[in-house]
Amino acid sequence: MQSLDSEKGLIKFSHCKKDIFCSYVPKLCPVCGQSLNYRRLEDAPVSIPSPFVNGHRQKCSFLLKPTTGTFLREYDGSSDLHVGITNTNGLVYNYNETGIHRVELGWEQCISIPLMQPDMYGLLEQWDKYLEEFSTGEAWFFHRYDEHHHNCYTFALAFINCVLAAQGKQPMSKSEFTERFVIPQTRKASKYITVYQEVAENYFYIGDTLDQEKNNSGEDTLLRLQAFKAMKTDP
């Protein structure tokens with residue numbers, strides 16, 4: 001297995017009517033063994049950025065990562081996920097069975113969903129104050145934690161809804177937030193993990209574009225079930 005830079009991303013090019021993913025551009029096609037000549041612009045190598053970022057560099061964001069390990073190394077698609085909210089300095093507030101935590105490390109490879117538009121200067125100035133005051137509430141004492149009904153996702157979504165209320169907007173349910181914001185990101189992440197692990201194991205991932213499109217509907221359904229199960233979302 002080759003060692004890949006998890007932050008560098010992958011490379012994709014087309015040859016022999018195949019989409020080929022790798023960590024570098026080879027001189028010969030791994031399918032036919034011939035020299036690679038890119039006669040069409042669409043066949044030329046392109047960079048595929050990683051969907052995972054360092055959460056401590058993300059301001060005012062909803063973060064998602066495996067409870068243990070990382071997405072690209074240990075995650076098997078069914079393990080529990082953990083979520084948190086960042087302040088304006090990348091400090092991650094998260095809730096578990098021991099209460100509220102404010103951490104500067106441990107979220108270096110995660111999915112990030114920005115919660116604020118760049119032009120929302122008033123909210124940006126108040127964000128850290130809102131987050132700190134919210135996290136000190138009695139609702140987030142450790143003894144109130146429940147794995148299925150009062151967990152890290154409950155904390156994150158409750159804070160998001162408090163911010164929405166302050167803006168005069170309607171709150172979102174767990175299912176609505178997951179469908180609108182989490183599922184699209186986990187869909188991208190799942191596909192990337194599959195390709196990344198294959199490249200790490202065999203240097204190349206070779207796929208037929210048409211077959212991949214045919215499998216999309218079934219894959220999307222599986223991802224929905226995994227996301228809801230992993231984050232223990234109430235019905």
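Being a predicted model, the structure only gives us computed values, none of them experimental. In this chain, numbering begins with 1 at the start of the sequence shown.
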Between [X] (side chain) and [Y] (backbone), is there a donor-acceptor pair under 3.5 Å?
X: Thr136; Y: Glu133; result: yes
X: Tyr196; Y: Gly9; result: no
X: Thr70; Y: Pro66; result: no
X: Asn87; Y: Asn89; result: yes
X: Asn54; Y: Gln109; result: no
X: Thr186; Y: Ile183; result: yes
X: His150; Y: Ala139; result: yes
X: Glu176; Y: Met172; result: no

Mind checking whether [X] and [Y] have parallel, tilted or perpendicular rings, split at 30° and 60°?
X: His82; Y: Trp107; answer: tilted
X: Tyr24; Y: Phe204; answer: tilted
X: Phe71; Y: Tyr75; answer: perpendicular

Please check if [X] and [Y] belong to a single hydrophobic cluster, counting links between Ile, Leu, Val, Met, Phe, Trp and Tyr side chain heavy atoms closer than 4.5 Å.
X: Phe155; Y: Val103; answer: no
X: Tyr93; Y: Leu164; answer: yes
X: Val92; Y: Val163; answer: no
X: Phe181; Y: Val53; answer: no

What's the shortest heavy-atom distance between [X] and [Y], and which atoms?
X: Ser173; Y: Leu157; value: C-CD2, 3.7 Å
X: Pro171; Y: Asn161; value: CA-OD1, 3.2 Å
X: Ser61; Y: Pro114; value: OG-CA, 3.7 Å

If I take atom [atom1] from residue [X] and atom [atom2] from residue [Y], how far apart are they, to the nearest 0.5 angstrom?
X: Lys191; Y: Lys188; atom1: NZ; atom2: NZ; answer: 10.0 Å
X: Gln34; Y: Lys27; atom1: CD; atom2: NZ; answer: 15.5 Å
X: Cys29; Y: Asn37; atom1: SG; atom2: CG; answer: 11.0 Å
X: Thr88; Y: Lys59; atom1: OG1; atom2: NZ; answer: 6.5 Å
X: Ile193; Y: Arg73; atom1: CD1; atom2: CZ; answer: 12.0 Å
X: Ile48; Y: Cys22; atom1: CD1; atom2: SG; answer: 10.0 Å

Side-chain donor-acceptor pair under 3.5 Å between Thr86 and Arg57, yes or no?
-> no

Return yes if a side-chain donor-acceptor contact under 3.5 Å exists between Ser175 and Glu179, otherwise no.
-> no

Exceeds 12 heavy-atom contacts within 6.0 angstrom, atom CD of Glu104 | no

Heavy atoms from other residues, nucleotides or ligands near CD of Glu74 exceed 12 (cutoff 6.0 Å) = yes

Does Lys65 pair with Glu108 as a salt bridge, N-O distance under 4.0 Å?
-> no

Pair Asn151-Tyr95, side-chain contact (heavy atoms from CB on, under 4.5 Å): steps then yes or no = CA-CA 7 Å; Asn151 51 35; Tyr95 178 60; 5.7 Å; no

[X] side chain near [Y] side chain, heavy-atom distance below 4.5 Å:
X: Phe52; Y: Leu64; result: no
X: Leu72; Y: Tyr192; result: yes
X: Phe13; Y: Asp19; result: no
X: Leu28; Y: Ser35; result: yes
X: Glu147; Y: Glu97; result: no
X: Phe21; Y: Ile11; result: no
X: Tyr153; Y: Phe177; result: yes
X: Leu63; Y: Ile85; result: no

Take Leu124 and Cys60, measure what side-chain contact (heavy atoms from CB on, under 4.5 Å) needs, and give me the verdict at the end.
-> CA-CA 8 Å; Leu124 180 63; Cys60 310; 3.9 Å; yes

When Trp140, Trp127, Phe62 are each screened for ring-ring contact (aromatic ring centres under 6.0 Å, His included) with Phe159, the one that passes is Trp127

What residue among Leu10, Ile20, Val199 forms side chain to side chain contact (heavy atoms under 4.5 Å, CB included) with Tyr205?
-> Val199

Candidates Arg144, His149, His148, Lys174 - the one meeting side chain to side chain donor-acceptor pair (under 3.5 Å) with Thr154 | Lys174

Could you walk me through whether Asn96 and Phe142 pass side-chain contact (heavy atoms from CB on, under 4.5 Å), step by step?
-> CA-CA 7 Å; Asn96 63 16; Phe142 75 92; over 6 Å; no

Might you work through the side-chain contact (heavy atoms from CB on, under 4.5 Å) test for Cys32 and His15, ending with a clear yes or no?
-> CA-CA 9 Å; Cys32 66; His15 203 264; 3.6 Å; yes

